[in-house]
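Just the heavy atoms: all of them, side chains too, but no hydrogens, waters or symmetry mates, feed the values below. Please read all numbers here as calculations on a predicted model, not as lab measurements.
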Amino acid sequence: MYSLNVLERLCTVESGLVKLQLDTCRRRQVAEEALQRARRVQQVRQALAATIARVDSKKRMVERRAMLVEAASSVAEAYALGGAEQSPAGVEAATLVAMRRRVRQARIIVEDLRAMLARERAVCAVSLQRVFPMEPDGAKWTICGEGLLAADAISTRVASEQTALALGLVASAVDAAAKYLNAPVRFPVVVRGPRSAVVNPMSQTLWPLFIGRAAADRGRLRTAQRMLSVDVAQLLARLGVDDVDGQTVVANLAQLLMAIESASFA
């Protein structure tokens, strides 16, 4: 009997060791995935900085060309007007023609800059799609392979942490997309990984995108998810997209990035 108790204890210890090894492997895998995501985010940030520098360089080049054209036009007009005495009506007509020419040049420059900015935004949107891959999984959507549940559907701690991680990824992508579009969102996001939050600027209240230990956190998460959905819908409306699914924020985010990419071809 004594030997059976010993064997049972040994089996219990071995089972505990196996579980500990599995937990260690899982934590190591999660840490490696987080490190890979951090590296991809850093690459996107570096690409964004390079894109901004490239856009600034092209903008300065276009401005220099416009200044050269304007200077040449001014010299030609001054030479034409200085060649002979002209009437006041003739001087006024020549000035009006010169002003119209400058307006046309300014419009051309603005259109060129808009097209250039749209192309660079498309490049950034493609980079975001690579860093935060989103795809449907049955009736739901995943981001970086992580599923997102509604606040009322979360029943376990594991599901809570998975949803917090997914919402943190969504918040990071929404924050980057808002910066690309130069469009401040109605409810600014505070990016802190799986402990991200949404801010209500009217009351200066921070709404967490995760469930803590408090009993009221589930309701606060529900409100934060609605605020995040409003931000994505706002950015979609800025691009002229009104067909928004009010239940799936990840699907709307994927639609937003595709809309930014397709805007460069408009």
Among Val190, Asn200, Leu228, the one residue meeting side chain to side chain contact (heavy atoms under 4.5 Å, CB included) with Trp207: Asn200

Check whether [X] reaches the backbone of [Y] with its side chain - one donor and one acceptor, N or O, closer than 3.5 Å.
{"X": "Glu146", "Y": "Ala164", "result": "no"}
{"X": "Gln204", "Y": "Pro201", "result": "yes"}
{"X": "Glu120", "Y": "Tyr180", "result": "no"}
{"X": "Arg218", "Y": "Ile154", "result": "yes"}

Intermediate values then yes/no, side chain to side chain contact (heavy atoms under 4.5 Å, CB included), Gln225 and Leu167: CA-CA 8 Å; Gln225 286 180 319; Leu167 287 172; 3.8 Å; yes

Side chain to side chain, Val170 and Val189, heavy atoms closer than 4.5 Å: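 Side-chain contact under 4.5 Å: no.
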
Nearest atoms (heavy-atom pairs only) where [X] meets [Y]:
{"X": "Phe132", "Y": "Ala173", "value": "CD1-CB, 4.0 Å"}
{"X": "Arg157", "Y": "Ile211", "value": "NH1-O, 3.4 Å"}
{"X": "Val232", "Y": "Leu253", "value": "CG1-N, 3.8 Å"}
{"X": "Ser262", "Y": "Ala259", "value": "OG-O, 3.1 Å"}
{"X": "Ala125", "Y": "Leu257", "value": "CB-O, 3.6 Å"}
{"X": "Arg220", "Y": "Leu206", "value": "NH2-O, 3.1 Å"}

Qualifying residues under side-chain hydrogen bond (donor to acceptor under 3.5 Å, both in side chains), relative to Arg186, sequence neighbours excluded: none

Could you grab the distance from atom [atom1] of [X] to atom [atom2] of [Y], nearest 0.5 Å is fine?
{"X": "Gln234", "Y": "Leu256", "atom1": "CD", "atom2": "CG", "value": "10.5 Å"}
{"X": "Ile260", "Y": "Leu236", "atom1": "CD1", "atom2": "CG", "value": "8.5 Å"}
{"X": "Asn252", "Y": "Thr248", "atom1": "CG", "atom2": "OG1", "value": "7.0 Å"}
{"X": "Arg222", "Y": "Asp217", "atom1": "CZ", "atom2": "CG", "value": "11.5 Å"}
{"X": "Lys140", "Y": "Leu148", "atom1": "NZ", "atom2": "CG", "value": "9.5 Å"}
{"X": "Leu169", "Y": "Leu209", "atom1": "CG", "atom2": "CG", "value": "11.5 Å"}

Contacts of type side-chain contact (heavy atoms from CB on, under 4.5 Å), residue Asp137, not counting sequence neighbours: Thr142

Exceeds 12 heavy-atom contacts within 6.0 angstrom, atom CZ of Arg192: no

Pairs flagged by salt bridge (charged side-chain N to carboxylate O under 4.0 Å, His left out) wherever residues 166-177 is involved - sequence neighbours left out: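 Non-adjacent pairs meeting salt bridge (charged side-chain N to carboxylate O under 4.0 Å, His left out): Asp175-Lys179.
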
Would [X] end up clustered with [Y] when hydrophobic side chains under 4.5 Å apart are linked, directly or stepwise?
{"X": "Val185", "Y": "Leu239", "result": "yes"}
{"X": "Val191", "Y": "Phe187", "result": "yes"}
{"X": "Ile143", "Y": "Leu149", "result": "yes"}
{"X": "Val174", "Y": "Val126", "result": "no"}

Lys/Arg cation over aromatic Phe210: Arg195, 6.0 Å, 45° cone: yes

